[in-house]
Amino acid sequence: MGLELGSSILLGNMATCRGQLDNPGALMWRMCCTGTQKHSGCAWILFWQHFRHTRKCFGKIIREHLKHIQVNYKRGHLTPFEEPESGGSRQCLLGGVEEIERELLFTSLLLIALAVSAKALTPAHHLSSTDVARLQATLDQPFEDLQSAFYIIVGLNKLGTRVSDEKSACQFLRSNLDSSSIDSLFYASEASQALSDCEVPVSNETRDLLLATISEDSSVSQIYHAVAALTSLGLPLSSQEVVSALTARITKEDNVLAITMALHTASRLSQQADLRGILEEIEDLAARLDDLGGVYLQFEEGLEATALFVTAAYELSDHVGMEPPLKEDQVVQLVNSLFSKKTWGSLAEAYSVACAAAVLSNNHYHIPVIVRTQGPATVSHRDPALQLQVTNVLSQPLTSASVLLESARSVSSKSVVLKQASFSLKGETFELNFMHSQAASGYYDFSVAVRGDDRFVGNQVELKVKVSTEVGIANVDLSVVDKDQSIAPKTTRVEYPTKGKGTFTVDSHQNFALSFQLVDVNTGVELTPHQTFVRLHNQKTGQEVVFVAEPDSKNVYKFELDAAERKSEFDSVSGTYALYLIIGDATLENPILWNVHLFREPEKKPPTVVSNTFTALVLAPLLLLLILWLKLGANISNFSFAPSTLLFHLGHAAMLGLMYVYWTQLNMFQTLKYLAVLGSLTYLAGNRMLAQKAVKRNVGNMLMEATTAAFWKVFRLSGCRWICKD
Amino acid sequence: MSNSVLSVISRFLEEYLSSTPTKLKMCDAYLLYILLTGAMQFLYCLLVGTFPFNSFLSGFISCVGAFILAVCLRIQINPQNKSEFLGISPERAFADFLFAHTVLHLVVINFIG
């Protein structure tokens, strides 16, 4: 609802965008129209900018909610110097009845957002000492022209170092100076100020030229350069003229860089001048910053523009003695934007970053504080002190600060272990001995505050600290328990780190049990690390099986191995196994791999007595068979020693032997190969032998038949003769 | 009742012992042996458990298979069945018996593990 309203009003007012400073809510239109006309998502940005606005002045809106419904554009009625506080309220004003609904929507969203973003922001980026060195190296180039010389000399000066050869630098400035160019005069005069004992000669014509530039007809850049040159050269000028010229120019040149240069100019003018108008521009310009994800705040014109703006804003604020209208969060976001880039493409960029860093380390209002741990954020009994480095954005230590641990909260138990403990300064780092509080091992959320100066920004820091400890194993008991509990378990106690004596034997009707306790060596508290494994490693085959040991309610770890149930994991391979205990955790300093014991698993077979009995029983019928055959009168006497017979029997025996060899060694394919050879031999021999036998049997039969036939013939003949005789 | 069963059995045994040729009696003795071996294996499995189940299976199947093949041999070499097995001489039956046994042993040894 609010969005449609906003966009419709926006489109309606697009034509009357510029110059409508008195239009209620012109602030929003301007930032939307001028900066983002090309964006199709103008309404979204409008929403977001306004949302950010209302977030900035949340206190005012909540308290004076109803008042805001009235159209009350107070901009013309207040002076910044009378009520600096309400300087912020101007931005809170919505004006316009049509915006009431939008404000209600935004306020409710704001409340939700506030609940979420209650934590203060801390700087995520800064210039570490290596970054500062890199910045200096980027700036430390040989001079090419006057502009580069200016950047180099002034940039290095801001970082606290000097050009290597000042005399030649000064010479370079003097020789390259072009007295007819305002820019040239600016660079030369500013650079010479940065050098010690360097004078730039100036003539009356030059001065007149510079003074003539201060008018409404010159660009802001020209006015700035002229004013800066005049002040660097120590020449008098009329501040009021400058102010009027600037004010007139700003309305025509509305871009970020121009206004930044106007701010720079104002900081060179006398303090008696009426700089209010220009001072207000800081706020307006700050409103144009783009908020990226709540972390970064920068102009879309880039890093250089943002850095120059920051420099100008703080210089002017210091000059007039008024706090810049930037909230803490905004300052932190600016710090993130300025110092996230660690390599700089041009001298101008490097110069601007150097200026911004210098001004943020040394101004009267806001000093961003960077808090980092020295080394990993880990504390242990051997290393009980947590060391913090507290620096400004240029990594210069802030030794005047006092660092206080507001609370240390355990992540797992959510209880506060330490409150209001202060860090002590040792050299350039702040130290706190955390182990005095007898904290258990684990992760802790530290809430640290840096005090000592009202200017500190981003001084509420949240750190995650790990307390690590050493683990010890106590009360290790190994026992072999019978499954039906009939035999009392044999328990052996083993001391870490020695190995157990003797071997255990476990077979399929026994269970193997291991119990132990893990204690913190220093405090004696029981621990439950993330990794507690029991590893059984077969010495011969190299096979290993890993089990997890679980703690019971009293934090005693128990592990039970049911030999029969788990035989699948072991592939039923019996043998000698080594038992290892593996303990590990992120908060442990000494992960343990302990070869506890050596034990043997015997064959997973039934008792040998039973097997032997049944082997005898199974072989018994064979005896019976032999006896029966003998009784029946098997005649072996017919065994002829013909070659084919021998060959057949040998071949057959060889085939049976091959079966045995197949069982013990070969695989199917090899067996089939040999079988083919032996089989065909046996077949041929057997064929021959059986044929012979058949012949013999047939011969016998034939003989019998012949005899019978003959007998019958004789009987018939004799019978006939006997009958015929009659 | 039991008297008649007993008398039937004794009569059967008498007839068997007198009228069966020696060759067949020897085959019957072999059959008895196979039967007893198989029974023993099965008894072991029932009592102690089927731990190496594949071994039990292969042993038992070998007994059963051998029994079947021996029965086939006995049928084929029985002279009273000559009319049904006209093309198959006893030697041929024996050769078949041996070949079938080779295949059976191959399978059994493969499975015994």
Side-chain angles (χ1 to χ4, degrees), chain A residues 508 564 567 572 603-607 610-611 613-635 648 651-652 655-656 658-664 666-668 671-672 675 678-679 682-683 686-698 701, chain B residues 17 20-52 55-56 58-60 62-63 70 77 79 82 88-99 101-113:
Chain A
S508 62
K567 63 178 181 223
S572 304
E603 312 286 321
K604 289 188 198 302
K605 283 195 320 219
V610 177
S611 316
T613 318
F614 271 95
T615 314
L617 277 176
V618 163
L619 290 175
L622 186 64
L623 263 168
L624 179 67
L625 178 71
L626 290 172
I627 293 168
L628 277 175
W629 272 355
L630 280 171
K631 255 188 78 182
L632 288 169
N635 57 345
F648 165 73
H652 195 221
M655 273 177 18
L656 291 175
L658 178 67
M659 288 296 148
Y660 176 75
V661 175
Y662 173 34
W663 181 34
T664 49
L666 306 173
N667 63 27
M668 180 65 103
T671 317
L672 282 177
L675 198 63
L678 284 173
T682 313
Y683 171 72
N687 205 9
R688 207 100 188 266
M689 178 196 82
L690 286 173
Q692 282 171 355
K693 269 194 86 179
V695 162
K696 258 198 285 186
R697 186 172 53 82
N698 282 345
N701 277 352
Chain B
L17 286 170
T20 325
T22 321
K23 224 193 291 189
L24 289 181
K25 274 200 224 158
M26 282 171 47
C27 203
D28 287 337
Y30 175 68
L31 281 169
L32 181 67
Y33 152 67
I34 294 285
L35 184 77
L36 285 175
T37 311
M40 283 297 120
Q41 287 188 353
F42 193 66
L43 189 66
Y44 173 86
C45 174
L46 280 179
L47 288 179
V48 184
T50 63
F51 164 54
S55 312
F56 158 68
S58 77
F60 194 64
S62 109
C63 288
I77 62 175
K82 207 160 167 178
I88 303 175
S89 63
E91 285 74 28
R92 168 75 196 279
F94 186 64
D96 284 343
F97 171 79
L98 285 180
F99 175 69
H101 258 285
T102 311
V103 173
L104 177 70
H105 284 161
L106 206 59
V107 170
V108 159
I109 297 290
N110 185 34
F111 199 52
I112 202 161

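The figures that follow rest on heavy atoms only: side chains count, while hydrogens, waters and symmetry mates do not. Quick note on labels: first sequence line is chain A, next is B, and so on, each numbered from 1.
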| query | Can you name the nearest heavy-atom pair linking B:Leu32 to A:Leu628, along with the distance? | reply | CD2-CD1, 4.0 Å
[X] versus chain B, heavy atoms under 4.5 Å apart: side chain, backbone, both or neither?
X: A:Leu658; value: neither
X: A:Met659; value: both
X: A:Leu656; value: side chain
X: A:Leu622; value: both
X: A:Leu672; value: side chain

| field | Residue part contacting chain A, namely of B:Ile109, when any heavy atom lies under 4.5 Å | value | both
| request: Describe, in one word, how the ring planes of A:Phe614 and B:Tyr44 are oriented to each other, choosing from parallel (under 30°), tilted (30 to 60°) and perpendicular (over 60°). | output: perpendicular
Quick check on [X]: does its [atom1] atom have over 12 non-hydrogen neighbours (other residues, nucleotides or ligands) under 6.0 Å away?
X: B:Phe99; atom1: CZ; answer: no
X: A:Tyr683; atom1: OH; answer: no
X: B:Phe94; atom1: CZ; answer: no

| request: Output the distance between atom CG (B:Leu17) and atom CG (A:Leu632), rounded to the nearest 0.5 Å. | output: 8.5 Å
Most chain A-contacting option - heavy-atom pairs closer than 4.5 Å, from [options]:
options: B:Thr37, B:Ile34, B:Leu35; answer: B:Thr37
options: B:Glu91, B:Gln41, B:Met40; answer: B:Glu91
options: B:Lys25, B:His101, B:Arg92; answer: B:Lys25
options: B:Ile112, B:Leu98, B:Leu106; answer: B:Leu106

| field | Between A:Thr682, A:Thr671, A:Leu624, A:Leu675, the one whose heavy-atom pairs under 4.5 Å with chain B are most numerous | value | A:Leu675
